[in-house]
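One structure is given here, and the rest of the page talks about it.
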Amino acid sequence: MTSAGTEANIQSRLFINGEFVDARSGETFVTINPATEEKIADVASAGAADVDAAVRAARAQMEPGSEWQKMKPRDRAKVMWRLADMLMAGAADIGRIETLDNGKPIFESQFVDTPSAAECLYYFAGWSGKVGGETLPVAENAFTYTLREPVGVVGAITPWNFPLMLAVWKIAPALACGNTVVIKPASNTSLSLLKFAEYAKEAGLPAGVLNVVPGKGSVVGNALVDHPGVDAIAFTGSSEVGRGLMARAAKTLKKVSLELGGKSPNIVLADADLEAASRGALNAIFYGKGEVCAAGSRLLVEESVHDELMAKVIDRASKMVAADPLHPKTRLGAIVSKEQMENVLRYVEVGKAEGAKLVAGGERTDIGTGKGYFVKPTIFDDVTPDMKIAREEIFGPVLATIRFKDVDDAIAKGNATVYGLAAAVWTRDVSKAHRVARALKAGTVWVNTYNLYDPALPFGGFKESGFGRDQGRDALDKYTQTKSVWVNL
Ligand code: NAP
C-alpha cells in the first residue's frame, strides 16, 4: 500500500534527498489520533535500504564542493532563519498535525512547542559562522591553531512527547555547525517532522541536508547506528533504548549523545509561597499529560506544610478536566497511545498495591465521546522512596508525594534516584534555594518555578538521564570536532 495522508496538508512519506518518497518495500504503518482512536494516515515505513539512501544523500552534502559545504555559514543561517519564520507562520497548521497525532492540547502544540522550535532555529542560526577554533602560541618556530569542524552525518532518533520540538533541538545545532541529518521520529508521532521537512525544502535547505525516515525503532534505529556513513548518533528517548543503542554503537565507535528519562523531584520547603508552589506542582506533572522527560513526578513536601499544600494541590487537580485537544481552552489532552495509557493505569494499580494513598484521579476518563485515551490527573500521597511509583518513570499524569523532615532530608530524598534530569525547589529563603540547587544532582534546577526552557540554556541529564546537552552553547560540542594544525615556520 502506498502511503497517503487523509488530510490534504499532511505529509506521510519518507523525506529523502529533498523528495517525499514511498518506502522501497512499499510498507506503511497506521498512525492514530489518540483522542478519537481514528486513523489519521498510513505512514511510509522505512527499512535499511531507505536509511542507506538517506545516509548517502546526507554524505554527498558533506563532500567538499557540495552545495551545503560551499554555502557560507551566514547563508546557512539565513535558510535556518527562513525556516523558523515559516514555522511561526505555519504554527496553526503544524500545531494541528501535532495535536492530531500526539493528543496534546492545541494550546501546547501551536502556542508553545512550535514557537519554541522556531526560537531554537533562530538561536542556532545565530551561532552559524561563530563556531571557530583558536590560535595557540606553543613554540617560536610553529604556527598552531585549531579548527572546529562538523562531525559529519548525524543520525538522530527522537521520542513522541515533543515530536517537533525535540527533533529541532537536534536539527538546529547540527545544521548551524554544517552537518547533515538523517532523523527518525517516533512511530506514534511522525507527521509533524514530515511537515517540517516540507517547510525546510521550501525555505531553501539543499536536498539531502535533512532526511526524515519514519519507521520501526529497532529497524531504522539499528540501520542508523550500524551504518558506516553515519558519524554520530543523537538520541532522545527512554533509558532502556538508550542503553541498548550505546552498546550497539560501540561496534562502529560512533559518537553518541543520550537525552533520557527522569524522575524529577519538585521540593516544597515550609517557607515557600504555597499558592505558587501548588500551581507549580500541577504544571510540573500535568503539563503535557505528564509525558515530559523533566516532569516533576515526585512532589517532596516538608512535613509541617504537607496538609496545607496537599489540600491546594488536590483542589486544583480536581478542576483539571480532560477535553478535546483541538479546543483552544483545553489544558489536558489524550495520552499518546492505548499502550501508553495502559502502562500508566498499570502503575496506578502498582501504587495502590504498594500502599500509597490515592487522593485524586487514578482512572481512565472520556470527553463525552466514549473514545480516546484520557486519564484523570492522578495523585498519590504517603509515598515512600522505596516504592516503585517513586522510583520508576511513569511518563503520564501521575504524581507521587513524599514527605521530608528538613532541607538535608529533602536533598537526600531528591537525589535518591538513578535519574538526574531536572529538579525544583520552592522557598523564600535565598540561601536555602542556592544550597539545594547546588546539592541536587540534576541537569536543570528551577527555583520557585517549573518547566521553563530556553534555547540559550543547556538541557540534559546527570546520572542515568544521559550525557551531552541539547540547547545552549554546549549543544555545539556534540556536532563539532576539533582539529589541531601545526605549521612549521
Ligand atoms: P523510546 O521508546 O526510547 O523511543 C524513542 C525513539 O527511539 C523512538 O523514535 C523509537 O522508535 C526509537 N527506538 C525504539 N526502539 C529502538 C531501538 N531498538 N533502536 C533505536 N531506536 C529505537 O522512548 P519514547 O517512549 O518515545 O519516549 C519517552 C522517553 O523519552 C521517556 O523515557 C522520556 O523521559 C524520554 N525523553 C527524554 C528527554 C530528554 O531530553 N532527556 C526528552 C523527551 C523524552 P519507535 O517509536 O518506532 O519505537
Side-chain angles (χ1 to χ4, degrees), residues 34 103 159-161 186 188 237-244 260-268 281-282 284-301 306 309-310 313-314 316-318 320 322 332-366 372-404 410 412-423 442 461 463-465:
W160 44 253
N161 57 340
N188 281 326
S238 62
S239 298
E240 188 191 342
V241 172
R243 204 169 275 126
L260 308 174
K263 192 75 190 176
S264 300
N266 186 19
I267 299 171
V268 182
L282 259 80
I285 184 62
F286 299 132
Y287 183 84
K289 316 159 249 167
E291 295 166 347
V292 178
C293 50
S297 49
R298 288 186 298 146
L299 179 62
L300 271 53
V301 190
H306 170 273
L309 182 82
M310 288 315 287
V313 169
I314 294 165
R316 283 181 191 278
S318 69
M320 233 185 142
L332 188 66
I335 301 295
V336 72
S337 65
K338 184 162 185 270
E339 187 192 358
Q340 183 60 11
M341 177 188 70
E342 286 169 352
N343 197 30
V344 169
L345 294 174
R346 242 189 325 270
Y347 270 109
V348 172
E349 293 313 312
V350 167
K352 288 193 224 164
E354 285 179 312
K357 190 167 142 200
L358 182 67
V359 292
E363 57 188 4
R364 187 177 180 174
T365 180
D366 82 274
Y373 310 130
F374 297 91
V375 173
K376 285 187 181 169
T378 298
I379 302 174
F380 279 105
D381 202 355
D382 294 340
V383 176
T384 54
D386 55 308
M387 290 180 186
K388 218 168 163 177
I389 58 164
R391 289 184 287 112
E392 296 183 10
E393 184 181 45
I394 300 174
F395 222 56
V398 181
L399 181 63
T401 310
I402 300 169
R403 299 172 197 233
F404 65 84
K413 286 185 170 140
N415 284 335
T417 167
V418 295
Y419 294 112
L421 193 57
K463 304 198 279 183
E464 290 185 24
S465 290

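On a predicted model such as this, the values are computed, not experimentally measured, just so you know.
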- Polar contact flag, side-chain donor to acceptor under 3.5 angstrom, Tyr419-Glu393: no

- One should read off an interatomic distance between Met320 CE and Leu332 CG, to the nearest 0.5 angstrom, of 5.0 Å

- Item | Least distance between heavy atoms, Gly296 atom then Asn266 atom | CA-CB, 4.4 Å

- Query: Is there side-chain contact between Tyr373 and Gln340, with heavy atoms separated by less than 4.5 Å?
  - Reply: no

- Task: Answer yes or no: does atom CD of Glu363 have more than 12 heavy-atom neighbours from other residues, nucleotides or ligands under 6.0 Å?
- Result: yes

- Assess whether atom NZ of Lys388 is packed by more than 12 heavy atoms of other residues, nucleotides or ligands within 6.0 Å. no

- Item | Over all atoms of both residues, closest heavy-atom pair of Val344 and Phe395 | CG2-O, 4.1 Å

- Kindly indicate whether the side chain of Met310, heavy atoms from C-beta on, has any atom under 4.5 Å from the side chain of Ile379. yes

- Message: I'd like to check Val301 versus His306 (side-chain heavy atoms, cut-off strictly below 4.5 Å). Are they in contact?
- Response: yes

- Message: With a 4.0 Å cut-off on N to O distance, would you call Arg346 and Glu349 a salt bridge?
- Response: no

- Query: More than 12 foreign heavy atoms under 6.0 Å from CD of Glu240: is that the case here?
  - Reply: no

- Tell me, do Thr417 and Arg298 make a side-chain contact under 4.5 Å, heavy atoms counted? yes

- Message: Tell me the closest heavy-atom pair linking Val375 and Ile335, and the distance in Å.
- Response: CG2-CG1, 3.8 Å

- Side-chain heavy atoms of Thr378 within contact of Pro397, under 4.5 Å: no

- Does the side chain of Ser297 reach to within under 4.5 Å of the side chain of Ile394, using non-hydrogen atoms? no

- Taking all atoms of both residues into account, what is the closest heavy-atom pair of Ser239 and Leu260, and its distance? OG-CB, 3.5 Å

- Message: To check you understand the geometry: which heavy-atom pair defines the closest contact between Cys293 and Asn161, and what is its length?
- Response: N-ND2, 3.8 Å

- Which value, rounded to the nearest 0.5 Å, describes the distance between Ile389 atom CD1 and Thr384 atom OG1? 8.5 Å

- Query: Which pair of heavy atoms, one from Ala295 and one from Ile285, lies closest together, and at what distance?
  - Reply: CB-CD1, 4.2 Å

- List the steps and the verdict of salt bridge (charged side-chain N to carboxylate O under 4.0 Å, His left out) for Lys338 and Glu342. CA-CA 6 Å; Lys338 184 162 185 270; Glu342 286 169 352; 3.3 Å; yes

- Query: Is any side-chain heavy atom of Lys263 closer than 4.5 Å to a side-chain heavy atom of Arg391?
  - Reply: no

- Scan Val348, Leu299, Val359, Thr401 and name whichever one has a side-chain contact (heavy atoms from CB on, under 4.5 Å) with Phe380. Val348

